[in-house]
Amino acid sequence: MRKLVYDLETTSLNVHKAIILGIAICFGVGVAVYIAFPNDSKKVEQILSELKPFFEDETIEKVGHNLKYDNQVLKRYGINVKGRLHDTMVMSYVTAPNRESHGLKHLSKVLLNYQQIEFDDIAVGKTKKSKTLEGIDPNIVKNYACEDVDQTLQVFNNLLPQIKDNSLSKVYDLDCDLVPTITDMEFTGVKIDSDKLSVIESEIDTELSIIKASIDQIVGGEINLNSQPQLNKLLFDKFNLEPIGDKGISGYWSVSASVLKRLLPQHSIIKPILDYKGLIKVKTTFIKALKKVNPVTGRLHASINQCITETGRLSCSKPNLQNIPSRTVGKRLRECFVASGDNHTLIGVDYSNIELRIMAIISQDPIMVNAYRNKEDLHTLTASKALQIDRSMVDKQLRNVGKLINFGLIYGMTAKGLQQSLYQNAGKEYSIEQCQSFINSYFELYQGVAKCREELIYKATVNGYTETLFGRKRPLQHINSNDSFKREGAKRLALNTPIQGSASDIIKMAMVNIHNRITKEGLQSKMLLQVHDELLFDVPNNELKYMETLIKYEMENAVHLPIALEVDLQTGETWADVH
DNA sequence: TATACCGCGTT
DNA sequence: GACGTACGCGGTATAG
């Protein structure tokens with residue numbers, strides 16, 4: 001099999017503006033070819049069109065570092081890279097998700113003991129952020145680019161045996177298959193209704209100034225509500241409120257929302273402060289984020305990161321679209337995520353209770369498995385058993401308590417954690433003892449889960465890592481620590497990571513299969529976002545019915561497990577309509 | 001200007 | 001003494 005190892009040097013990390021300065025290519029273990037492109041888009045296009053057949057040859061394996069980036073640049077020049085992909089960043093990630101860096105230079109240093117030329121040493125620019133290779137002597141760029149290609153191939157050869165020896169091939173292949181999917185998602189971006197965004201912003205501005213005025217009046221002067229020291233002075237010195245909770249490392253009392261809520265009865269200023277904090281967060285974080293629309297494409301292109309989390313989940317940044325409000329005051333912002341045109345519709349699909357189902361599958365707990373097979377309501381069942389009441393007595397509120405206990409299980413709950421969760425999310429005040437008894441009753445009901453937890457912890461203790469259903473491994477350095485706090489933390493991860501990570505593996509499989517079908521069948525539909533157990537699509541209306549069936553099928557059948565997976569699918573004009 | 005800490009949005 | 005997973009990112013405070 002022939003291998004094409006390649007690396008591009010561009011003037012900007014923003015792929016929609018990227019101008020190629022250099023490209024180094026090496027066919028297998030051979031001679032590196034370096035081509036310097038002048039800052040001349042015609043010339044770039046001409047040379048790239050000559051290289052196109054190699055990139056698009058299905059029989060040539062491709063090796064690169066962070067190919068999501070390079071392939072996106074190539075895509076912009078009309079090249080759709082085909083053939084088996086190998087990505088050394090992904091290799092680093094699956095072999096050691098906790099590695100301090102997955103950067104090529106770091107890998108080269110720690111795996112091959114080679115010190116590469118640093119970008120900062122050859123690039124020019126005033127600040128670290130604005131450094132660029134533009135205008136640099138082509139010979140210098142050449143050495144830099146060729147070194148990257150050389151080291152990429154060496155890192156590849158170094159890590160490939162590790163993947164095979166540690167049975168990581170399955171998740172490695174999965175993550176490689178996902179690269180083109182994510183490349184396309186980033187490239188596509190999402191359409192934002194900027195007019196609606198402006199309307200929402202001005203409404204929030206108005207409300208903010210009203211609240212701010214009333215606060216200033218009560219205070220009798222200006223105060224910065226974002227400042228913990230200033231709020232401490234105001235509340236605990238000037239107004240003499242009784243502090244709740246504890247001081248942080250900084251020496252100030254916490255003034256977080258949960259603390260402020262408990263201070264509500266003490267002073268009339270607390271309510272407007274809470275309102276202000278909620279709104280200012282929406283303005284400074286989320287509205288600001290949605291304004292980062294790319295002027296060239298007119299769409300919002302976030303970074304979807306594949307090699308960050310230790311569980312195998314994706315993350316999202318610049319901006320983070322995985323934490324746009326869905327329940328709190330800013331949830332209206334989801335109305336600004338719209339279909340790409342008049343004849344397009346959004347489809348939102350989420351797995352229902354995927355993590356709990358995986359818990360049932362991993363543990364093979366008979367009560368839990370039966371509940372799912374018989375389509376019983378697990379939250380109600382949990383509530384009745386944990387609270388030791390008859391099932392007919394479980395109302396909506398108590399069902400919610402059951403739900404929170406079920407969630408607590410996944411996170412490795414302690415009595416204290418459960419107490420806080422029940423107070424914050426359900427407004428229920430239980431004693432530590434009561435919460436401990438809930439947990440005890442819980443594990444009495446789900447004995448298979450209790451046993452499974454012990455086994456997972458034992459396995460982690462022996463192996464030094466925990467793993468997902470599909471073999472993705474997460475090292476747990478502290479699992480045998482003498483420090484009980486660290487050790488207990490690692491024990492929670494020994495349970496949580498298989499659940500969270502397996503769910504993530506499954507949605508990744510679904511994403512790959514859906515993307516493959518869209519590509520192979522020549523469909524115009526686009527996958528836009530992934531939010532851990534949820535996918536968002538933009539589809540032309542003439543594909544709507546077909547895509548609904550396709551997506552539902554591929555998500556529910558991504559993998560066949562002892563308990564069936566179910567998804568909820570919705571269609572609509574905006575993200576708010578489909579969630 | 002860079003870093004630490006706090007706080008908070010999602011799952 | 002900490003006491004629920006996984007993140008990204010905004011702000012202030014502080015040190016350089």
Side-chain angles (χ1 to χ4, degrees), chain A residues 97-98 126-129 224-232 245-260 274 277-289 292 302-305 308-331 333-334 350-351 353-356 359 404-422 424-425 432 435-436 439 466 474 483-501 503-504 507 529-534 575 579:
Chain A
N98 60 340
K126 284 187 181 133
T127 63
K128 202 166 178 164
K129 251 183 124 182
N224 184 349
L225 298 169
N226 298 316
S227 161
Q228 195 184 10
Q230 285 192 42
L231 260 187
N232 265 243
D246 31 36
K247 287 185 179 180
I249 306 168
S250 57
Y252 297 107
W253 296 102
S254 166
V255 284
S256 66
S258 64
V259 170
L260 289 176
L274 275 167
K277 283 196 161 212
L279 286 171
I280 202 76
K281 169 95 178 168
V282 174
K283 180 179 167 67
T284 57
T285 304
F286 300 114
I287 292 183
K288 196 172 163 190
K292 296 189 176 170
S303 297
I304 300 170
N305 314 307
I308 300 268
T309 75
E310 296 198 24
T311 54
R313 274 187 172 185
L314 302 180
S315 87
C316 183
S317 56
K318 296 190 299 182
N320 181 1
L321 299 182
Q322 286 181 324
N323 73 341
I324 301 300
S326 69
R327 305 192 304 267
T328 51
V329 59
K331 64 184 175 190
L333 289 178
R334 293 199 173 208
D350 66 286
Y351 281 109
N353 287 326
I354 187 167
E355 294 192 335
L356 266 184
M359 182 75 261
L404 292 166
I405 295 174
N406 279 332
F407 268 107
L409 156 82
I410 291 167
Y411 298 143
M413 65 183 159
T414 62
K416 185 166 182 179
L418 183 61
Q419 182 189 38
Q420 269 189 2
S421 161
L422 292 175
Q424 279 182 9
N425 299 300
I432 289 281
C435 290
Q436 188 57 56
I439 294 173
T466 189
R474 175 182 190 177
D483 181 334
S484 72
F485 184 66
K486 287 183 179 171
R487 195 174 59 242
E488 291 304 317
K491 283 185 184 177
R492 284 196 292 272
L493 300 182
L495 175 70
N496 174 266
T497 298
I499 300 172
Q500 198 180 105
S504 171
I507 196 169
L529 295 175
Q530 187 250 43
V531 191
H532 310 309
D533 68 352
E534 166 194 354
W575 197 6
H579 186 264

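Hydrogens, waters and symmetry mates play no part in the numbers below; they use all other heavy atoms, side chains included. Order of the sequence lines fixes the chain letters, A, B, ..., with proteins taken first and strands second; residue numbering starts at 1 for each chain. All values derive from a computational prediction rather than experimental measurement.
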Exercise. Walk along DNA chain C from 5' to 3' and tell me the first and last nucleotide with an atom closer than 4.0 Å to a non-hydrogen atom of chain A.
Key: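 That gives a stretch of dA2(C) to dA13(C).
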
Practice problem: Taking D350(A) for its side chain and D533(A) for its backbone only, find out whether a donor-acceptor pair lies under 3.5 Å. | Solution: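 Pair absent, no side-chain N/O of D350(A) close to backbone of D533(A).
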
Quiz item: Is there a donor-acceptor pair under 3.5 Å between the side chain of T309(A) and the backbone N or O of G312(A)?
Solution: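 Yes; at least one donor-acceptor contact below 3.5 Å.
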
Quiz item: Across the strands shown, which category fits I308(A) at heavy-atom distances under 4.0 angstrom: base, sugar-phosphate, nothing?
Solution: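 Here I308(A) touches the backbone only, sparing every base.
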
Quiz item: Checking all strands, does L314(A) fall into the base, sugar-phosphate, or nothing category for heavy-atom contacts under 4.0 angstrom?
Solution: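 The answer is nothing, as L314(A) stays clear of every strand by at least 4.0 Å.
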
Quiz prompt | Which residues share a side-chain contact (heavy atoms from CB on, under 4.5 Å) with T497(A), sequence neighbours left out | solution =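 Once residues adjacent in sequence are excluded, the partners of T497(A) under the side-chain contact (heavy atoms from CB on, under 4.5 Å) criterion are T311(A), T466(A), R474(A), L493(A).
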
For [X], all residues meeting salt bridge (charged side-chain N to carboxylate O under 4.0 Å, His left out), sequence neighbours excluded:
X: E534(A); value: none
X: K277(A); value: none
X: K283(A); value: E201(A), D205(A)

Quiz item: Reading nucleotides 4-11 of chain B from the 5' end, what letters show protein touch, with B for base, S for backbone sugar-phosphate only, - for no heavy atom under 4.0 Å?
Solution: --SBBBSB

Quiz prompt | Spatial distance of atom CD1 (I499(A)) from atom CD (E355(A)) [nearest 0.5 Å] | solution =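 I499(A) CD1 to E355(A) CD: 7.0 Å, rounded to 0.5 Å.
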
Exercise. To the nearest 0.5 Å, tell me how far L404(A) CG sits from L409(A) CG.
Key: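 Nearest 0.5 Å value for the CG-CG distance: 12.5 Å.
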
Exercise. Determine the interatomic distance between P on dC3(C) and the same-named atom on dC5(B); round to the nearest Å.
Key: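 Per the computed distance, 15 Å lies between those P atoms.
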
